[in-house]
Amino acid sequence: SGHQMEEYSFKISYIPDEEVPSSPQPPPRSRRGGGGHSSREQGTFTGGSSQSKQPDYPLRILVPTQFVGAIIGKEGLTIKNLTKQTQSKVDIHRKENAGAAEKPITIHATPEGCSSACRMILEIMQKEAEETKSAEEILLKILAHNTLVGRLIG
C-alpha cells in the first residue's frame with residue numbers, strides 16, 4: 001500500500017523475521033586502552049540533552065550501505081548535527097552483516113525525535129542519490145518487532 005509523508009511516498013510491506021538478518025545483542029562497551037579501537041567503530045552518536053519528559057523509543061531502519069558515509073558525514077559532523085537537532089541517539093551498526101547491501105540504524109528518541117531523525121536521514125540519502133546520479137528509488141525500511149507488526153498493519 002502506498003502512503004505519503006510530506007513529499008516522500010513510501011510502500012509498506014511485511015518481511016517475516018526469518019528473512020531479516022537477526023540482530024545480535026549490542027557489543028559490550030568499548031575497552032579502554034590496548035586494542036587501538038576508536039569509539040567511532042560502533043557508530044554511536046548522541047545529541048541534545050537527556051532532560052526529556054517523554055521516554056525514548058527505539059526506531060530501527062535499514063539504509064543502503066552506499067549512503068552510510070553520507071549519513072555520518074565528514075568527521076561525523078552530519079550525524080552530530082542530526083542528533084543535536086532531533087535530540088536523539090543514533091547507532092549506525094556498520095560492523096553488522098559485513099558486505100551486506102543494507103545496514104541497520106537505530107534511533108533512540110521521543111516519537112517526534114524519531115520521526116524528525118528519520119526524515120533527516122531520508123533527506124540526506126535523497127541528496128546523496130542526486131549528487132551521485134543514483135537513479136534508484138530511496139526506500140524506507142523499518143524493522144519492527146513481531147509483537148508490533150499487527151498494530152502497524154492494522
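As the structure is a prediction and not an experimental result, all values here were calculated from the model.
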- prompt: So if you build clusters from Ile, Leu, Val, Met, Phe, Trp, Tyr with side-chain heavy-atom gaps below 4.5 Å, do Ile142 and Ile92 land together?
  reply: yes

- prompt: How would you list, by chain and number, every residue that makes a side chain to side chain donor-acceptor pair (under 3.5 Å) with Glu131, sequence neighbours excluded?
  reply: none

- line: Sequence neighbours excluded, the answer for side-chain contact (heavy atoms from CB on, under 4.5 Å) partners of Ser116 is Thr86, Arg119

- prompt: What distance do Ile61 atom CD1 and Leu143 atom CG have between them, rounded to the nearest 0.5 Å?
  reply: 9.0 Å

message: Go through it in stages, so that I can follow the logic: the residues are Lys103 and Ile105, the test is side chain to side chain contact (heavy atoms under 4.5 Å, CB included), and I'd like the CA-CA distance, side-chain angles, deciding distance and then a yes or no.
response: CA-CA 7 Å; Lys103 296 293 181 185; Ile105 293 179; 5.6 Å; no

message: Within this structure, what is the CE-OG1 distance for the pair Met120 and Thr78, rounded to the nearest 0.5 Å?
response: 9.0 Å

- request: Answer yes or no: is there a side-chain heavy-atom contact under 4.5 Å between Leu59 and Thr106?
  value: no

Rounded distance [0.5 Å steps], CD1 in Ile72 versus CG in Leu77: 12.0 Å

- prompt: Just how far is it from atom CG of Leu140 to atom CE of Met125, taken to the nearest 0.5 Å?
  reply: 7.0 Å

message: Within this structure, what is the CD-CD distance for the pair Gln126 and Glu137, rounded to the nearest 0.5 Å?
response: 9.5 Å

- line: For Ala129 and Phe67, the nearest pair of non-hydrogen atoms, with its separation, is N-CE2, 3.8 Å

query: Less than 4.5 Å apart, any side-chain heavy atom of Val90 and any of Ile71?
result: no

task: Verify, without hydrogens or angle tests, whether Thr65 (side chain) and Ala100 (backbone) share a donor-acceptor contact under 3.5 angstrom.
output: yes

query: Checking Thr83 side chain against Ile79 main chain: does a donor-acceptor pair fall under 3.5 Å?
result: yes

query: If every non-hydrogen atom of Ser88 is compared with every non-hydrogen atom of Ile107, which pair is closest and at what distance?
result: CB-CG2, 4.1 Å

query: How long is the gap from NZ on Lys141 to CZ on Arg60, to the nearest 0.5 Å?
result: 14.0 Å

